[in-house]
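Here is the structure we will look at, set down as structure tokens.
Just so you know, residue 1 is the first one in the sequence shown, and it goes up from there. These values consider heavy atoms only, across backbone and side chains, with no hydrogens, waters or symmetry-generated copies.
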Amino acid sequence: LGGGGTTTCADGTAPPCASGPPGGFGGGDFLKVKSKSPSNSGVPLCSRVQSEFNLVVDRSTVDNTSFKVDDITSGTPVTFWNSGDSFDPATDSAVIGYRHDNNDFAPSSTYQVTLSGSPGGITSVSNLRFKGDKDYSWKFSTGTETDDSSPTVTSTVPGVGETDIC
């Protein structure tokens, strides 16, 4: 909202605003999930769990208690480690991604991801939380596909020793 008497949000609705400007993160009066993955069935066992937000996330508010994944099939929580999140405010700092801490996900299992919106949960760098301080959650189910093989190079272009490549 700016000066000059404008009283509409980026999405054209009246305040309080729930989203930032169209097509990008930033703005808004609440933290909001823009995208999440995985969120389907047959998910490969070595998948990364990821969430993208409309605002830059305060990295210090993200841990295994504010970003939880539970194996509903077995009834056990899953521990995660951060997988390469840069949290650079100029680039993709609105994206949080985690991989399973010790192993792949269990085959043919259902998981629930819960992002804590309560005080002490995930906040933006401007200290905004989910609307109503409510948690955000989704489910996904694994298949049986895994990737236990290291990558191998099968060919290179240009070939070894080639100099005339155009």
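- By the ring-ring contact (aromatic ring centres under 6.0 Å, His included) test, Y111 is found to be paired with F105, F140, residues two or more places apart in sequence or in another chain being considered.
- A heavy-atom distance below 4.5 Å is not found between the side chains of Y136 and I122.
- Residues forming a side-chain contact (heavy atoms from CB on, under 4.5 Å) with S37 (at least two apart in sequence, or on another chain): Q50.
- Residues S116 and T65 share a closest heavy-atom pair of CB-O, 4.4 Å.
- Checking P107, S109, S108 one by one against T73, the side-chain contact (heavy atoms from CB on, under 4.5 Å) holds for a single residue, S109.
- The shortest distance between side-chain heavy atoms of D104 and C46 falls below 4.5 Å.
- For S141, the side chain to side chain donor-acceptor pair (under 3.5 Å) test picks out T110, with sequence neighbours left out.
- The shortest non-hydrogen separation linking V49 to V113 is CG1-CG2, 3.9 Å.
- One hydrophobic cluster, built from ILVMFWY side chains closer than 4.5 Å, holds both V69 and V62.
- Contact check for F130 versus L31: side-chain heavy atoms found under the 4.5 Å cut-off.
- Scanning for side chain to side chain donor-acceptor pair (under 3.5 Å) contacts around S74 gives D71, T76, with sequence neighbours left out.
- Residues satisfying the side-chain contact (heavy atoms from CB on, under 4.5 Å) test with Q112, not counting sequence neighbours, are I72, T114, S137, K139.
- The shortest side-chain heavy-atom distance between R129 and P119 falls under the 4.5 Å cut-off.
- Considering all non-hydrogen atoms of both residues, F30 and L128 come closest at N-CD1, 4.4 Å.
- Remark: S51 engages no residue in a side chain to side chain donor-acceptor pair (under 3.5 Å) (not counting sequence neighbours).
- Residues satisfying the side-chain contact (heavy atoms from CB on, under 4.5 Å) test with S39, not counting sequence neighbours, are K36, W138.
- Residues that satisfy the side-chain contact (heavy atoms from CB on, under 4.5 Å) test with N127, not counting sequence neighbours, are T123.
- Annotation: salt bridge (charged side-chain N to carboxylate O under 4.0 Å, His left out) contacts involving residues 107-126, sequence neighbours excluded, are absent.
- For D135, the side chain to side chain donor-acceptor pair (under 3.5 Å) criterion is met by no residue, not counting sequence neighbours.
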